[in-house]
Amino acid sequence: MNVFKDLEARIKTAVEALEIVKTSEASINLDRITVEPPRDSSHGDIASNVAMVLAKPLGMNPRALADMIAEAFAGDPDVLHTTVAGPGFLNFRMSAGYWQRLLVEICEAGTDYGRSDFGAGRKVNVEFVSANPTGPMHVGHCRGAVVGDALANLLSFAGYAVDKEYYINDAGSQIDVLASSVYLRYREALGESIGEIPAGLYPGDYLVPVGQALAAEYGQRLASMPEAERMEIIKDRAIAAMMDMIRDDLKALNVVHDVFFSERTLHADGATAIRRAINDLTYKGHVYKGKLPPPKGQLPEDWEDREQTLFRSTDVGDDIDRPLIKSDGSYTYFAADVAYFRDKFERGYSEMIYVLGADHGGYVKRLEAVARAVSGGQTKLTVLLCQLVKLYRGGEPVRMSKRSGDFITLREVVEEVGRDSVRFMMLYRKSSEPLDFDFAKVTEQSKDNPVFYVQYAHARCHSVMRQAVEVIPDIDISAETLAAQDFAGLTDESELALIAKLAEYPRLIDAASAAQEPHKVAFYLYDLASALHTHWNRGRDTPELRFVNDKNRQLTSARLGLVYAVASVLKSGLSITGTDAPLEMR
RNA sequence: GGCCCCAUAGCUCAGUUGGAUAGAGCGCAGGAUUCCUAAUCCUGAGGCCGAUGGUUCAAAUCCAUCUGGGGUCACCA
């Protein structure tokens with residue numbers, strides 16, 4: 001149950017039953033009514049703006065209207081009391097019985113509590129990472145990988161049918177460079193002295209084993225093949241090896257994709273897929289031959305005025321038309337992108353999300369244009385831009401140069417600071433905000449990392465369980481038994497506040513999904529952990545509030561139910577962020 | 001120059017999509033363990049929400065302009 005939806009329905013019923021509403025000539029719009037946690041919990045458990053929204057059309061004073069609506073809840077056993085405050089807020093304090101019933105529900109649902117039908121089973125494609133298969137993942141890919149993965153987890157939990165997808169850029173000239181680099185390593189493996197790796201080729205050691213494998217399999221045969229044939233073989237092997245490496249890297253970050261889509265397949269069979277996509281666009285009237293205006297500002301030195309086949313994307317929201325076919329007749333990268341979108345569209349996704357780095361910001365409008373032109377506006381396409389991550393080590397910026405191969409790999413980061421720390425840090429910030437990532441901070445002072453705070457809360461829950469079994473050896477802490485408890489003993493303000501925090505979870509899931517903001521989950525987890533730690537510490541000053549009480553078995557079981565519920569929600573949220581929920585931390 | 005993102009406490013950031021007295025962590029000042037894990041908690045100080053106008057019962061939030069910071073621009077992929 002989502003308590004806010006529950007109360008919203010009750011409020012609307014109450015409003016519709018009001019005499020003044022029934023007889024009103026004005027059009028009453030109930031959509032703008034909000035029912036949410038109040039900013040300050042001292043105001044109550046649940047707050048609504050209902051009176052302020054309806055006051056004007058009804059020609060009433062908001063506070064007076066709020067009083068009228070409050071009347072409807074006067075005899076309701078679920079509502080302890082209502083207050084009207086500020087400009088006309090209607091605040092509800094819910095009864096202990098209401099919260100106790102909710103707790104039963106949370107215990108029964110366990111880690112499924114909060115799962116919703118918000119997405120109504122709609123098919124969503126989340127494309128993220130999509131790093132070029134020319135080397136290991138580097139640290140720059142980290143944020144997009146984590147944000148995309150967590151977003152997909154979140155949407156899945158919120159009732160969407162989600163596919164996590166990786167677009168392999170295995171068709172362009174950088175793949176030719178990769179193949180040439182591997183060929184050099186192959187010759188090296190055959191005993192040839194290759195000297196310094198020429199500029200323009202990939203110098204990294206990670207290509208050495210690829211060359212060795214080729215040498216072992218083919219011996220001298222590759223070298224004597226015609227170049228075209230040889231390069232095809234090398235490309236296949238090189239791409240496969242790079243993707244294996246990338247998959248391993250991603251796995252170390254706990255990221256697993258459902259679909260790996262190869263750009264090369266779009267170019268296969270005489271580029272059938274791309275030709276079909278361009279034909280489709282042409283049929284719909286979006287393609288023409290013409291010249292693009294020169295770029296504004298400083299004119300590049302090698303600028304040439306030439307005629308090309310263009311996509312009239314300016315008709316569908318773009319700033320400038322985009323080339324589909326180069327002057328030499330080959331297809332642009334963008335043409336493949338159109339075909340790729342079309343492929344996804346035909347696979348039936350009603351929503352597509354691209355998670356990109358901020359450096360791809362210029363690409364957003366043309367992707368949206370493609371979506372409009374190809375799907376006729378049927379598909380909702382959103383681009384989530386992750387701002388860049390700045391690396392520091394003890395306050396000093398970390399410099400990286402790609403050319404010398406001296407960049408930090410994703411694997412190094414994971415190994416140095418730990419998978420969960422990396423993931424949570426990446427999620428503990430709105431993705432539209434730039435992120436400073438300091439190795440020293442995340443490792444040396446580990447308490448600076450909020451993931452430990454949340455994980456400790458989960459571990460503490462289980463510690464209480466262990467303690468309970470020690471003190472009351474035959475107590476039953478199975479989920480079924482805890483859910484079947486009589487929770488009437490849970491009446492302390494602090495206990496009810498904790499349940500109220502749990503009550504926010506389903507609402508948070510829906511809100512985070514709607515906004516496509518997985519960071520909200522991380523922040524909620526921190527809040528919930530804080531509520532648990534606060535409550536736990538109250539047991540220091542007030543021993544009667546401790547979870548485990550060997551003189552009151554009934555009360556202990558009820559409180560363990562609460563602990564179990566908190567642990568379940570923490571575990572559920574942590575699994576959305578893709579991090580572990582440890583049973584103990586020592 | 002065009003487009004995109006950002007600006008909130010000394011620092012790093014949230015802010016429930018327009019609501020009440022703007023919150024948290026770190027740092028600073030003070031306090032809490034014979035006790036279910038002190039990897040925790042409590043109290044205090046700290047704010048012209050970059051600037052100016054506009055929209056309305058209500059603006060950190062929406063609109064316009066400006067200032068400052070980051071990203072990006074063309075047969076690359």
Side-chain angles (χ1 to χ4, degrees), chain A residues 4 32 34 36-40 43 47 49 52 55-56 62 85-89 91 132 134 169-175 263 292 294-300 302-304 306 308 319-320 323-328 330-334 336-337 357-365 383 385 387-388 390 428-430 432-436 438 441 445-450 452-453 455-457 459-461 463-468 470-471 504 507-508 511-512 514-515 519-520 523-524 526-527 529-530 532-541 543 546-549 559 563 584-586:
Chain A
F4 301 95
R32 290 189 55 223
T34 60
E36 53 194 16
R39 179 152 298 201
D40 186 337
H43 294 141
N49 66 353
M52 291 181 290
K56 200 173 181 184
F89 283 99
N91 295 326
N132 288 345
T134 55
N169 294 132
D170 53 4
S173 57
Q174 89 281 9
I175 294 298
E263 184 190 356
L292 285 174
K296 300 215 165 108
Q298 206 174 0
L299 198 66
D302 56 349
W303 170 256
E304 273 180 65
R306 62 214 154 204
Q308 296 167 265
D319 298 323
I320 191 169
L324 292 166
I325 301 178
K326 302 181 204 170
S327 49
D328 68 358
S330 62
Y331 296 105
T332 61
Y333 176 80
F334 177 68
D337 247 11
D359 53 340
H360 288 74
Y363 220 71
V364 174
K365 285 195 175 182
V383 178
L385 282 187
Q387 291 299 311
L388 303 178
K390 275 187 212 155
Y428 205 61
R429 185 121 325 166
K430 212 165 28 178
S432 56
E433 287 278 338
L435 171 60
D436 292 341
D438 194 319
K441 262 191 184 167
Q445 310 169 21
S446 62
K447 65 181 173 183
D448 269 1
N449 189 323
F452 293 110
Y453 184 82
Q455 289 182 325
Y456 178 48
R460 183 169 253 182
C461 288
S463 163
V464 171
M465 297 284 189
R466 287 190 294 270
Q467 178 69 22
E470 203 165 300
V471 174
E504 291 177 24
R507 182 175 187 275
L508 171 103
H519 75 275
K520 286 186 193 293
F523 279 94
Y524 171 79
Y526 189 91
D527 272 358
S530 173
L532 178 84
H533 290 314
T534 296
H535 181 60
W536 191 93
N537 273 276
R538 288 200 69 203
R540 291 178 176 284
D541 307 328
R546 292 184 194 172
F547 294 111
V548 179
N549 181 339
R559 286 179 173 166
V563 170
E584 59 178 338
M585 295 173 84
R586 292 262 178 200

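Just so it is clear: chains get the letters A, B, ... in the order the sequence lines come, proteins before strands, and each one is counted from 1.
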Give none if B:A59 has no partner; otherwise give the nucleotide forming a Watson-Crick or G-U wobble pair with it, both distances under 3.5 Å.
none

Measuring to OP1 and OP2 of B:A77, would you say a side-chain N or O of A:K326 lies under 4.0 angstrom away?
yes

Measuring from the side chain of A:L385 (C-beta onward, heavy atoms only), which nucleotide among B:C4, B:C36, B:A60 has the closest atom?
B:C4

So, is B:U17 syn or anti if syn means the angle is within 90° of 0?
syn

Using purine N1 to pyrimidine N3 plus N6-O4 or O6-N4 for Watson-Crick, or N1-O2 and O6-N3 for G-U wobble, both under 3.5 Å, which nucleotide pairs with B:C49?
none

Whole-Å distance between B:C36 P and A:R538 CZ?
18 Å

Please determine if A:R507 forms a cation-pi arrangement with A:F4, meaning its NZ or CZ atom is less than 6.0 Å from the six-membered ring centre and no more than 45° off the ring axis.
yes

With a 4.0 Å cut-off on heavy atoms, is A:G361 in touch with a base, just the backbone sugar-phosphate, or nothing at all?
nothing

Side chain of A:S530 (C-beta onward), nearest among B:C75, B:C13, B:C41
B:C41

Touch class at under 4.0 angstrom, heavy-atom based, for A:R429 against every strand present
sugar-phosphate

What is the nucleic acid contact for A:Y428, judged by heavy atoms within less than 4.0 Å: base, sugar-phosphate only, or nothing?
nothing

Can you see which heavy atom on A:Q387 is nearest to which on A:S432, and at what distance?
CG-O, 3.0 Å

Let me spell it out: for each of A:G86 and A:I320, pick the nucleotide of RNA chain B with the closest heavy atom. Which residue's pick is nearer the 5' end?
A:G86

For atom C1', what is the distance between B:U61 and B:U17, given to the nearest Å?
8 Å

Using only side-chain N and O atoms of A:K430, determine if any of them is under 4.0 Å from OP1 or OP2 of B:G15.
yes

Considering every strand and a 4.0 Å limit on heavy-atom distances, what is the contact class for A:A515: base, sugar-phosphate, or nothing?
base

Using the P atom on both, measure B:C4 against B:U21 and round to a whole Å.
35 Å

Specify the closest pair of heavy atoms between A:P87 and A:M52, including all atoms of both residues, with the distance to one decimal.
CG-SD, 3.6 Å

Phosphate-side-chain proximity, A:R32 and B:G18, N/O vs OP1/OP2 below 4.0 Å:
no

Would you measure the distance from the C1' atom in B:A20 across to the matching atom in B:A59 and give it in whole Å?
14 Å

Sticking with atom C1', work out how far B:G50 lies from B:U67, rounded to a whole angstrom.
7 Å

Span that lies between the P atom of B:C42 and that of B:G23, in whole angstrom:
16 Å

Looking at every strand, decide which applies to A:P62 at a 4.0 Å heavy-atom threshold: base, sugar-phosphate, or nothing.
nothing

Keeping A:N91 on the side-chain end and A:A47 on the backbone end, is there a donor-acceptor pair under 3.5 Å?
no

Quick check on B:G15: is either OP1 or OP2 less than 4.0 Å from any side-chain nitrogen or oxygen of A:H519?
yes

For a quick check under 3.5 Å, do A:N132 and A:T134 share a side-chain donor-acceptor pair by atom type?
no

Taking atom P in both B:C13 and B:U8, compute the distance separating them and give it to the nearest angstrom.
9 Å

Counting the benzene-type ring for Trp, do A:H519 and A:Y524 have ring centres under 6.0 Å apart?
no

If the cut-off is 4.0 Å, is A:Y453 near the phosphate of B:C41, judged by side-chain N/O to OP1 or OP2?
yes

Check if the side chain of A:D541 and the base of B:A32 share a donor-acceptor pair of N or O atoms closer than 3.5 Å.
no

From OH of A:Y526 across to C1' of B:C41 the rounded distance in Å is 12 Å

Regarding the side chain of A:R39, the nearest nucleotide among B:C36, B:A22, B:A39 is B:A22

Please check if the side chain of A:S530 supplies one atom and the backbone of A:Y526 the other of a donor-acceptor pair under 3.5 Å.
no

Can you name the nearest heavy-atom pair linking A:E263 to A:A336, along with the distance?
OE2-CB, 3.7 Å

Any side-chain N or O of A:R507 less than 4.0 Å from the OP1 or OP2 oxygen of B:U17?
yes

Nearest-Å distance for atom pair NZ/C1', residues A:K56 and B:C57
7 Å

Spacing between A:D359 atom CG and B:C5 atom C1', to the nearest angstrom
12 Å

What integer distance in Å separates A:I325:CD1 from B:A74:P?
19 Å

Need one value for A:N132: base, sugar-phosphate or nothing, where a base atom within 4.0 Å counts as base even if backbone is also close, heavy atoms only.
sugar-phosphate

Could you check whether A:A514 gets within reach of a base, just the sugar-phosphate, or nothing at all, counting any heavy atom under 4.0 Å?
nothing

Using the P atom as the reference point in each nucleotide, state the distance between B:G25 and B:U40 in Å, no decimals.
11 Å

Return yes if some donor-acceptor pair links the side-chain N/O of A:T332 with the main-chain N/O of A:P323 below 3.5 Å, else return no.
yes

With no angle test and no hydrogens, is the base of B:C76 tied to the side chain of A:S173 by a donor-acceptor pair under 3.5 Å?
no

Scan A:Q455 against the nucleic acid and name what it touches under 4.0 Å (heavy atoms): base, sugar-phosphate only, or nothing.
nothing

With a 4.0 Å limit, can you tell me whether A:T534 has a side-chain N or O closer than that to the phosphate oxygens OP1/OP2 of B:C42?
yes

Touch check for A:V364, heavy atoms < 4.0 angstrom, all strands: base, sugar-phosphate only, or nothing?
nothing

Do A:Y333 and A:N169 meet the criterion of a side-chain donor-acceptor pair at a distance under 3.5 Å?
yes

What integer number of Å spans the P atoms of B:G18 and B:C6?
15 Å

Could you give the NE2-to-C1' distance, from A:H360 to B:U72, as a whole number of Å?
11 Å

Ignoring the backbone of A:Q467, work out which of B:U12, B:C36, B:G71 is nearest its side chain.
B:C36

Just name whichever nucleotide pairs with B:C76, Watson-Crick or G-U, keeping both distances under 3.5 Å, else none.
none

In Watson-Crick or G-U wobble terms, both distances under 3.5 Å, what is the partner of B:A24?
B:U12

Looking at B:A38, I'd like to know if its phosphate oxygens (OP1 or OP2) sit under 4.0 Å from a side-chain N or O belonging to A:R540.
yes

A:D527 has an atom CG; how far is it from atom C1' of B:A14, in whole Å?
9 Å

Which of B:C4, B:A14, B:C36 is nearest the side chain of A:F523? It is B:A14

Which part of the nucleic acid, if any, lies within reach of A:D40 when heavy atoms closer than 4.0 Å are counted: base, sugar-phosphate only, or nothing?
nothing

Which residue, A:P37 or A:R466, contacts RNA chain B at a nucleotide closer to its 5' end, judged by nearest heavy atom?
A:P37

If you look at every strand shown and take non-hydrogen atoms under 4.0 Å, does A:A358 touch a base, only sugar-phosphate, or nothing?
sugar-phosphate

Any strand: nucleotide that pairs with B:G30 via Watson-Crick or wobble, under 3.5 Å
B:C42

Report the distance from atom CG of A:L292 to atom P of B:C76, rounded to the nearest whole Å.
11 Å

